[in-house]
Structure formats: structure tokens, C-alpha cells
J.: 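Pasting a structure here, questions to come.
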Amino acid sequence: MALGGHTQGVGRTNEAGSAADFLPEERSLSALKEAAAGCRGCRLWEIGTQTVFGEGTETSRLMLVGEQPGDQEDRAGRPFVGPAGRLLDQALEEAGIDRADTYVTNAVKHFKWQARGKRRIHQKPSWAETAACQPWLEAELQVVQPQVLVLLGAVAAQSLLGRQFRVTQNRRQLVESDLAPAVTATIHPSAILRGDPERRKEELAAFVGDLRFAAALI
């Protein structure tokens, strides 16, 4: 049985597709968001409720990039509003960062999931799906031109820095890149939620430290 009128999972991705075919001529966040709503660059649009585009302003100096929207983001049409988003909000506050002054987005704009009973369980996007969606992320970077770019988790980091990049080996460090004046990577907040509950306080403190490192670069 399908949920929300969609199938229970994803078949083979059309690897020949790309979001590049759907980019608008106008380069503004509003134009990109409107165009992304009709993106068919990969097959994830077939199961996602809607495209979940980035959120923030074109003057944001700090840009955060996660993996993909989750179940609650897919339903709301906004990034980082589920459990991981609430943890991110807490960490940003503790780090002295106003989320309203940041641009928050994901490397993949549709929710990839698999049904488990009545629940929709997150599935990691494939490399082909991430690559197909990359033109949207590149366009967001071109428009926002953040001073500091923070990549949250392996999917986001590897999508822009290469498949060999390891977040655990490079967190809280400056990464040599022309994507922004300062580029750094850290774990995704969902990793804290999935981890050992007894270490959650420690992991959250480390995550806050990574965000403070990023804030100091602005």
C-alpha cells in the first residue's frame, strides 16, 4: 500500500537525468525555488511529497548544507524542521548563531524513503541521485555567496568535496576549496540522535564547538 499517494520506495534512478535541465535563467532564490518545485532530474520526485528547497536570504553569510529532507520536512516543505532540525536549532543557539541569519539547505531536495508499516524510513540517497541534484546546490551557492559554508554529514560534504572526503578526519578544520572563503565540515545532527544516548550530551557539545568554530570565521 502506498503512503500519501506515492509508492513505497524507489526503483532504479534515471542516472541520465539532472536538475540542470530545470534551472531557470534568472538566478535568484525565489526563481530557483519556483523552478525546483517542478524538478524531475531524478526519480525521487515520484515518491517525495514536494521539493524541499533551501531557506534563508541572499545576504546570509553562513550557509549550512545537510543531506536530504526527512519525513517532517517532506510534509512541511521546509528544511530542518524535524527532530534533527530541532537539535540543530538548539546547537545554533548554544553556539550564538541566529538561524534567521543563516541559509539552510540540503544536497538532495526530495525525501528518499522506504515504507515500514505505516512509517516512512529514511534511505540514504545514491551517488547518482546526489549528483543529479547538485546543480540546485551549486546555484544556491552562486546566489547566496556565503562567507562560511558548513557541510553537515558525509553526503553533503562528499557531494561538493569528492567521494574520498571524510568528515570525521576533517571536522572543525578549514577545507581548501573555492566554494566559499571558508569551508568546513561536521557531523549531521541526525548522527547525534542515532548515536549512543549516553554519549549524546558529549556529542552535542562537540557539535556546538564545531558551529562556534564556523561562527568565528564570519
Side-chain angles (χ1 to χ4, degrees), residues 1-11 13 19 29 32-33 36-37 39-56 62-93 97 99-100 102-134 136-137 140 149-160 167 185-197 200 203-204 207-208 210-211:
M1 180 177 177
L3 291 175
H6 297 294
T7 57
Q8 291 191 9
V10 181
T13 300
L29 291 180
L32 289 171
K33 183 175 183 179
C39 185
R40 304 292 185 266
C42 77
R43 290 186 60 187
L44 293 185
W45 71 271
E46 296 177 2
I47 65 164
T49 302
Q50 59 193 313
T51 303
V52 181
F53 206 68
E55 189 172 79
L62 177 65
M63 183 170 176
L64 306 175
V65 181
E67 179 193 272
Q68 67 165 343
D71 179 74
Q72 293 187 32
E73 288 81 3
D74 175 65
R75 298 178 192 278
R78 297 180 56 207
F80 285 96
V81 295
R86 290 190 288 273
L87 187 64
L88 176 62
D89 286 344
Q90 177 185 344
L92 287 171
E93 183 177 358
I97 300 171
R99 175 163 168 168
T102 68
Y103 186 83
V104 182
T105 192
N106 285 296
V108 175
K109 311 302 189 197
H110 281 105
F111 178 38
K112 183 176 182 179
W113 56 274
Q114 186 174 48
R116 187 175 300 168
K118 294 183 178 181
R119 298 176 61 201
R120 301 193 302 172
I121 304 301
H122 162 278
Q123 281 193 308
K124 180 180 178 180
S126 70
W127 182 255
E129 290 157 351
T130 304
C133 206
Q134 189 167 346
W136 293 121
L137 182 54
E140 288 172 294
L149 173 64
V150 181
L151 303 171
L152 304 173
V155 170
Q158 291 179 5
S159 71
L160 292 174
V167 171
T186 182
I187 61 173
H188 194 285
S190 63
I192 301 174
L193 296 176
R194 294 194 305 266
D196 184 349
R200 188 167 296 170
E203 291 294 335
L204 177 58
F207 182 55
V208 170
D210 294 344
L211 293 176

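Just the heavy atoms: all of them, side chains too, but no hydrogens, waters or symmetry mates, feed the values below.
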J.: Test of understanding: with side chain to side chain donor-acceptor pair (under 3.5 Å), list the residues that count as partners of Gln72, not counting sequence neighbours.
T.: none
J.: Measuring from Ile192:CD1 to Leu87:CG, what's the distance to the nearest 0.5 Å?
T.: 5.0 Å
J.: For Val208, check side chain to side chain contact (heavy atoms under 4.5 Å, CB included) against everything at least two apart and list the hits.
T.: Ala91, Glu94, Ala95, Leu204, Arg212
J.: Between Leu152 and Ile187, which heavy-atom pair has the shortest distance, and what is it?
T.: CD2-O, 3.8 Å
J.: Run the salt bridge (charged side-chain N to carboxylate O under 4.0 Å, His left out) test against Glu203 and tell me which residues pass, sequence neighbours left out.
T.: Arg199
J.: Roughly how far, to the nearest 0.5 Å, is the CG atom of Leu32 from the CZ atom of Phe53?
T.: 4.5 Å
J.: Who pairs with Glu140 by salt bridge (charged side-chain N to carboxylate O under 4.0 Å, His left out), at least two apart in sequence or on another chain?
T.: Lys109
J.: Check side chain to side chain donor-acceptor pair (under 3.5 Å) between Arg200 and all other residues, then give those that pass, not counting sequence neighbours.
T.: none
J.: Which atom names give the shortest non-hydrogen contact between Val155 and Pro125, and what distance separates them?
T.: CG1-CG, 4.2 Å
J.: Can you tell me how far apart CG (Asp74) and CD (Gln50) are? Round to the nearest 0.5 Å.
T.: 6.5 Å
J.: Nearest 0.5 Å, please: how far is OG1 in Thr130 from NZ in Lys124?
T.: 8.0 Å
J.: Which atoms form the tightest heavy-atom contact between Ala19 and Cys133, and what is the distance?
T.: CB-CA, 4.3 Å
J.: For Leu29 and Gly56, work out which heavy atoms get closest and say how close.
T.: CD1-O, 3.9 Å
J.: Could I get the full list of salt bridge (charged side-chain N to carboxylate O under 4.0 Å, His left out) partners for Arg99, not counting sequence neighbours?
T.: Glu55, Asp89
J.: Please list, chain by chain and in numerical order, all residues satisfying ring-ring contact (aromatic ring centres under 6.0 Å, His included) with His188, sequence neighbours excluded.
T.: Phe80
J.: What are the two closest heavy atoms between Pro189 and Leu88, and how far apart are they?
T.: CG-CB, 4.2 Å
J.: To the nearest 0.5 angstrom, please state how far the CG atom of Leu149 sits from the CG atom of Leu137.
T.: 8.0 Å
J.: Please examine the side chains of Pro79 and Thr105, heavy atoms only from C-beta on, and report whether any two atoms are closer than 4.5 Å.
T.: no
J.: List the residues meeting side chain to side chain donor-acceptor pair (under 3.5 Å) with Thr186, not counting sequence neighbours, and say none if there are none.
T.: Asp210
J.: A side-chain contact here means heavy atoms from C-beta on lying under 4.5 Å apart; do Trp113 and Asp71 qualify?
T.: no
J.: Please determine whether side-chain hydrogen bond (donor to acceptor under 3.5 Å, both in side chains) holds for the pair His110 and Glu129, giving the CA-CA distance in whole Å, both sets of side-chain angles, and the decisive distance to 0.1 Å.
T.: CA-CA 10 Å; His110 281 105; Glu129 290 157 351; over 6 Å; no
J.: Rounded to the nearest 0.5 Å, what separation is found between the CG atom of Leu92 and the CG atom of Leu62?
T.: 7.5 Å
J.: So which atom in Glu73 and which in Pro69 form the shortest heavy-atom distance, rounded to 0.1 Å?
T.: CB-CB, 3.6 Å
J.: Applying side chain to side chain donor-acceptor pair (under 3.5 Å), can you list everything that pairs with Gln158, at least two apart in sequence or on another chain?
T.: none
J.: Taking Ala36's backbone N and O only, do any of them form a donor-acceptor pair with Thr51's side chain (distance below 3.5 Å, no angle check)?
T.: yes
